[in-house]
Protein chains: 2
Amino acid sequence: MRKSNVTRTSSLLSGGAQTKNVAVAGVDRITPVVRVKLSNAVFEDLGQAIINGDYPTGSSLPGELDLASAYGVSRTVVREALYQLTASGLVLSRPKVGAQVLPRESWEYGSAAVIRWVANSPARAEFLHHVTEMRRVVEPEAAALAALRADDGQRARVAEAMADMRLAVEREDVDLFKAADENFHLSIAHACGNPLLMEFAAKLRRAVTLSRETSTQAIDDPKIVEQMKKANVYELAQLAIDAHAKVADAILLGNDKGARKAMTALLKEVDHALTLVLGV
Amino acid sequence: MRKSNVTRTSSLLSGGAQTKNVAVAGVDRITPVVRVKLSNAVFEDLGQAIINGDYPTGSSLPGELDLASAYGVSRTVVREALYQLTASGLVLSRPKVGAQVLPRESWEYGSAAVIRWVANSPARAEFLHHVTEMRRVVEPEAAALAALRADDGQRARVAEAMADMRLAVEREDVDLFKAADENFHLSIAHACGNPLLMEFAAKLRRAVTLSRETSTQAIDDPKIVEQMKKANVYELAQLAIDAHAKVADAILLGNDKGARKAMTALLKEVDHALTLVLGV
DNA sequence: CTGGTTTATTTGTCATACAATATACGGAAA
DNA sequence: TTTCCGTATATTGTATGACAAATAAACCAG
């Protein structure tokens, strides 16, 4: 029933994704040059579908052969995708019963893929709330440790991000500001000397960024628009510069307690407002 | 070049694999219940080998066919294992170049498998140090949130773990004590109302437990034995009971600040000593 | 209706073939 | 000689078909 290989390859990203996802229209156009592995594509789509709640906890995914024909790929590809899902803690597949969706407690929220999916799922708002809560626990500590342990190169990167942020405000360059903000927090995370803390802080930060990106279309929320109008952007920018600078200075001086305190203040006072203005 | 590792694994797998290939009549019936998937076994072994440093960063694993023949499995199985490794952030495989080991920064330290491997690797001591550092950041906050948000059932489980711990000391039952300790911390993590915090705290806790388990054979370290002898176990047990009770009481009373403070003290004063006595 | 057996369906594993891709080699041009 | 470019070759990516193993569901004996 399945004949030509080449045409079927392209039918995966369009046809298969259509059936499950909402808007993957642009995806296959973005990556025509870099040939995406089919199993990764299936992995992405199934993972997003599971996390979106299309397959409730405890239910079984369609059989491997069904999935294969639905996506227009071979059973081999489906299996390889299922193994990635298994490693992400989303499913457990057993003979006869199929790949069962595991309860939320066993998903690997730490995994990059899961974060990506959740940040792009209906549960995005709630997730972002939890992420913010965690950032307020983790990032001040990361700043404190960075003040104590950062080497010269790491301190330089913090300083550089700070400089970029000032430059962005000067030039009124929103994109540069976003990038500098991201760099600022990531460079601190990388300087804290604890790989666990580093990875976790970086992932939290990435979750925020992802949510900002994927929620651009949600700006028609009148409440948010109102808040954005009310905000005095320039004032906010100056406030952000000050708050970030206090953190950076403390880190550069090796003042751990000061860095912790400054980062706490930054997250409490500025970051929420920034998030509102920048898109969530 | 990494022959020793492969051959060791091959022998591990040989029990399950050969029974099928050779089709010896009686052997099949000996181990029919615990049938491990071959790909999972290969996944486990390769992951452990990578994290042990057998394959340095940037190097390529042996080719799929080599791995297949080394492990005595089909190429399909090897590929499925490699896909799990990919999802864990350990390798990235490309045509012709093979599966390259990614730098540590991209390993999913949050993933259960990676934690298992690291907790069982030469880097265990250092990892445990980082884990402890993270616990001192995360668990006090989890306790505080649990005091604010735990429902009746969750509070009951905390109280139950506390009661078990008292019982264990009374009966001088070390195993029960370990279990109660584990339950105590896990129940708090589960009661904090933030899935990210819950998962992270639980994984940190699990890393500690795993390290304790896998290091039983390392107790011949004279320094540790000396410390264990010097420790007054009964005194320590009473200290542990008191410290844990303070946390539990604060949580049950909804006193978040008290819970945070008590947990901080617990981790600072008692937990290290406990870890020493219990096996690390 | 109960309990054990059989059946049927699905996953787990293997083998083979071919397509796609990146390294490495070798030849041509400057 | 060096540099550039195409070809060769080895390895991964994908597809297909086959069989073994496991288990849920149907079935039958009592």
Side-chain angles (χ1 to χ4, degrees), chain A residues 1-13 16 31-43 46 58-86 91-101, chain B residues 10 13-25 27-43 46 58-86 91-101:
Chain A
M1 48 176 162
R2 52 200 55 244
K3 283 88 183 174
S4 63
N5 343 356
V6 182
T7 52
R8 182 144 31 85
T9 291
S10 61
S11 87
L12 158 82
L13 292 173
T31 54
V33 185
V34 180
R35 185 170 162 71
V36 186
K37 285 203 287 191
L38 292 180
S39 47
N40 286 337
V42 175
F43 170 60
L46 279 177
S59 69
S60 288
L61 268 53
E64 294 175 351
L65 285 173
D66 292 335
L67 286 174
S69 67
Y71 281 104
V73 297
S74 71
R75 193 182 153 214
T76 307
V77 168
V78 170
R79 296 202 99 240
E80 287 166 345
L82 287 178
Y83 273 96
Q84 288 182 277
L85 289 175
T86 300
V91 304
L92 178 67
S93 75
R94 290 157 45 200
K96 178 72 180 178
V97 67
Q100 286 178 311
V101 176
Chain B
S10 175
L13 293 176
S14 65
Q18 281 181 359
T19 54
K20 279 200 308 94
N21 290 341
V22 186
V24 181
V27 182
D28 257 348
R29 327 204 73 173
I30 299 179
T31 56
V33 185
V34 194
R35 180 169 177 75
V36 189
K37 284 204 285 190
L38 293 179
S39 47
N40 286 339
V42 175
F43 169 61
L46 280 177
S59 69
S60 287
L61 268 54
E64 294 175 351
L65 286 172
D66 293 336
L67 286 174
S69 68
Y71 280 108
V73 298
S74 72
R75 192 181 154 216
T76 307
V77 168
V78 170
R79 297 203 96 238
E80 287 166 346
L82 287 177
Y83 273 97
Q84 295 188 52
L85 289 175
T86 300
V91 304
L92 178 67
S93 76
R94 290 157 45 202
K96 179 68 179 179
V97 67
Q100 287 178 312
V101 177

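All chains are named by letter (A, B, ...) in the order of the sequence lines, taking the proteins before the strands, and each is independently numbered beginning at 1. Note that the structure is a prediction, hence the values are computed from the model and not measured.
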* Check the distance between D:dA15's P and A:E80's CD and give it to me in whole angstrom. => 10 Å
* Could you state the interatomic distance from CG (B:L85) to CD (A:Q84), rounded to the nearest 0.5 Å? -> 11.0 Å
Return the polar atom pairs (N/O with N/O) between nucleotides 26-28 of chain D and the protein under 3.5 Å, or none.
none

* Asked: Under 4.0 Å between a side-chain N/O of B:S39 and OP1 or OP2 of C:dG12, yes or no?
  -> no
* C:dA15 P sits how many Å from B:R75 CZ, rounded? -> 13 Å
* Asked: Which whole-number value in Å describes the distance from A:Y71 OH to D:dA15 P?
  -> 14 Å
* B:R79 side-chain N/O to D:dG13 phosphate OP1/OP2 under 4.0 Å -> yes
Report, one line per pair, each donor and acceptor closer than 3.5 Å where one atom sits in a side chain of residues 91-99 of chain B; sequence neighbours left out.
residue	atom	partner	partner atom	Å
B:R94	NH1	B:Q100	OE1	3.3

* Structure fact -> To the nearest angstrom, the CG-C1' distance between B:L92 and D:dT11 comes to 15 Å
* Who are the ring-ring contact (aromatic ring centres under 6.0 Å, His included) partners of B:Y83, not counting sequence neighbours? -> none
* Do B:V77 and B:S74 touch side chain to side chain, with heavy atoms closer than 4.5 Å? -> yes
* Nearest non-hydrogen partners of B:V42 and B:A81, listed with the distance -> CG1-CB, 3.6 Å
* To do: Only counting residues at least two apart or in another chain, list the ones meeting salt bridge (charged side-chain N to carboxylate O under 4.0 Å, His left out) with B:R75.
  => B:E64
* Residue pair B:T76 / A:T76, side-chain heavy-atom distance below 4.5 Å -> no
* Length of the line joining B:L38:CG and C:dT11:P, which is rounded to integer Å -> 18 Å
* Asked: Do A:T76 and D:dT16 share a donor-acceptor pair, side chain to base, under 3.5 Å?
  -> yes
* Asked: Is any side-chain heavy atom of A:L67 less than 4.5 Å from a side-chain heavy atom of A:L46?
  -> yes
Sub-3.5 Å pairs of nitrogen or oxygen atoms, protein against nucleotides 6-10 of chain C:
residue	atom	partner	partner atom	Å
C:dT9	O4'	A:K96	NZ	3.2
C:dT9	O2	A:K96	NZ	3.4

* To do: Calculate the interatomic distance between A:Q100 atom CD and D:dA24 atom P; express it in whole Å.
  => 9 Å
* Structure fact -> Atom CG of B:L67 and atom P of D:dT11 are separated, to the nearest Å, by 12 Å
* Measure the distance from CG on B:L65 to C1' on D:dT11 and round it to the nearest whole Å. => 8 Å
